[in-house]
There are 2 protein chains.
Amino acid sequence: MRPERDASFDADPVSSRESDPPSLHEVMRRDIVSGELPAGSRLKTQELAQRYGVSINPVREALHQLSGEGFVLLSRNRGARVRPLDEHFVRNIFDIRVLIESYLVRFAIEHATEADLRQMREIQRRIDDLVGDQVELDRLDEEFHGVTYGRHFNGEALAIRQRHGQVVHALAMRYPASPARRVTQNAEHWAIVEALEKHDEAAAVRVVEQHARGAERHLLERLRQGSTTPKSF
Amino acid sequence: MRPERDASFDADPVSSRESDPPSLHEVMRRDIVSGELPAGSRLKTQELAQRYGVSINPVREALHQLSGEGFVLLSRNRGARVRPLDEHFVRNIFDIRVLIESYLVRFAIEHATEADLRQMREIQRRIDDLVGDQVELDRLDEEFHGVTYGRHFNGEALAIRQRHGQVVHALAMRYPASPARRVTQNAEHWAIVEALEKHDEAAAVRVVEQHARGAERHLLERLRQGSTTPKSF
DNA sequence: TTCACACGGATTACACATAATCAAGTCATC
DNA sequence: GATGACTTGATTATGTGTAATCCGTGTGAA
């Protein structure tokens, strides 16, 4: 096993600093992820400037930042669009997600503390009790996996996972998990906790993979059903 | 096996369009990758504006774009720096590279055409014959792997690989491969071709992994040796 | 050491000029 | 009359320049 490394570095912090007012591109990313700026929609600089109460310059900078992050597509002299989220894209990022998460969880097997496990159980209990409220569910789900993977040294991998996770959340907001899916999700979460407790690497990898593939399958089904609503361009 | 998908989509095209003049952020990325803007160095907007013969606005936009791509670090009211490339970072991206490349090569096993293999052999012959000229070596190496992975449907994965590859090239420019490393590299390239010919998935994955880890080890050694030169700040 | 202050540079706003794109309409040709 | 090429005008992106403000850092005095 490779020696542990300092984990202070993060390639893509979601928020630059805790107490600072969030920068414009963070606000816009939130609005994209939450679906307020729908996937595929046109982003005009003047409209955005008005909407967010700033001048055009910061808007242009935010758009470029988001373009670099992959949330926005820029084309020369034709402005910006929110990146369309299609089936193809979903498959792609879940393929990557499976790779990254099974990589991340292998580290958790060895490094998750007793406190981490307690926290995961606590969070999962709250998820179990939750009814409705997709927003809160997503927040708790992210928190659960945040504890699972948070100790990992590889900030790059975490950044990729988080970025893709945000896109997935944007979709999940539109297509909430069905009750059946919720039950499966919860069972898988408990299975992850159990695998970590037992230091069972094979089981952990298997469950994590299954968890991701399940989410993928569910999203794809919903995407196909409601294929009229989320118009891509 | 999952059905094939349309591969027309690319999350992060290096150049927006072929015939267009490259945008500023592309030029700046090239200069970062080539080492002209050294890792860790301060990027002042006014200096850059003068250097590239444009006003401050486009420079700021380019910086934001590069920040989103991970090549530049921005901090509020303190300007921009080229992202420092340290040992920790190199380890991280190679961990990811191993994941991505073994994923990509599995597809190549099934989908590489006879023409692809011919092309790979041709490129590798040119690499074998090449002496010195790190720039040309890097170009050919990228071309080799471009053919290997190019048919893959997962544009996201290709984008991640390419982005990381550019960073690695920035380092390789500073720390060229030793003759011994070159010999190993070439042997590994031929082994990849052979594995693809034989449709031997296990072998292909093994070689690709070994290839990446070898490059990582070599870079890390060089980084430690010349640890005075690449000053982070 | 600590505080006040000045300076450099980033950030924002605004006004303006240019250029590209798109849509609608005109015109010529078949 | 229908089709396709061209013109035109509105819209919007893109680039420049300037000014005002904010923030971080270093300097120097108490």
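When reading the values below, keep in mind they use all heavy atoms of this one structure, side chains included, and skip hydrogens, waters and symmetry mates. Source: prediction; values computed, not measured. Every chain is numbered from 1 and lettered A, B, ... according to where its sequence line falls, protein lines coming before strand lines.
- In the set C:dT21, D:dT14, D:dA13, D:dA13 carries the atom at the smallest distance from any side-chain atom of A:Thr45.
- For the residue pair A:Asp116 and A:His111, no side-chain donor N or O sits within less than 3.5 Å of a side-chain acceptor on the partner.
- For A:Arg81 and C:dC22, the CZ to C1' distance is 12 Å, given to the nearest whole Å.
- Counting only heavy atoms from C-beta outward, the side chains of A:Leu223 and A:Leu219 never approach each other to under 4.5 Å.
- More than 12 heavy atoms of other residues, nucleotides or ligands sit less than 6.0 Å from atom CD of B:Glu122.
- The interatomic distance linking A:Arg76 (CZ) with C:dC22 (P) rounds to 15 Å, in whole Å.
- For the pair B:Glu61 CD and D:dT14 C1', the computed distance is 8 Å after rounding to whole Å.
- If you measure from atom CZ of A:Arg42 to atom C1' of D:dT12, you get 7 Å, rounded to the nearest angstrom.
- Toward the 5′ end of DNA chain D lies the nearest nucleotide of B:Val54, the other residue of the pair B:Val54 and B:Asn77 mapping further downstream.
- Side-chain N/O atoms of A:Arg78 include one lying less than 4.0 angstrom from OP1 or OP2 on C:dC22.
- Listed candidates were D:dT12, D:dG24, D:dT16. Nearest to the side chain of B:Ser55 is D:dT16.
- Nearer to the 5' terminus of DNA chain C, by closest-nucleotide assignment, is the contact made by B:Glu47 (compared with the other of B:Asn57 and B:Glu47).
- If you measure from atom CG of A:Leu43 to atom P of D:dT12, you get 13 Å, rounded to the nearest angstrom.
- Rounded to whole Å, atom P of C:dC14 lies 14 Å from atom CZ of A:Arg60.
- A donor-acceptor pair under 3.5 Å is formed between the side chain of B:Arg81 and the backbone N or O of B:Gly40.
- Atom CD in A:Gln46 sits roughly 13 Å away from atom C1' in C:dC14 (whole-Å rounding).
- Taking atom CD1 on B:Ile56 and atom C1' on D:dT14, their separation rounds to 16 Å, with Å as the unit.
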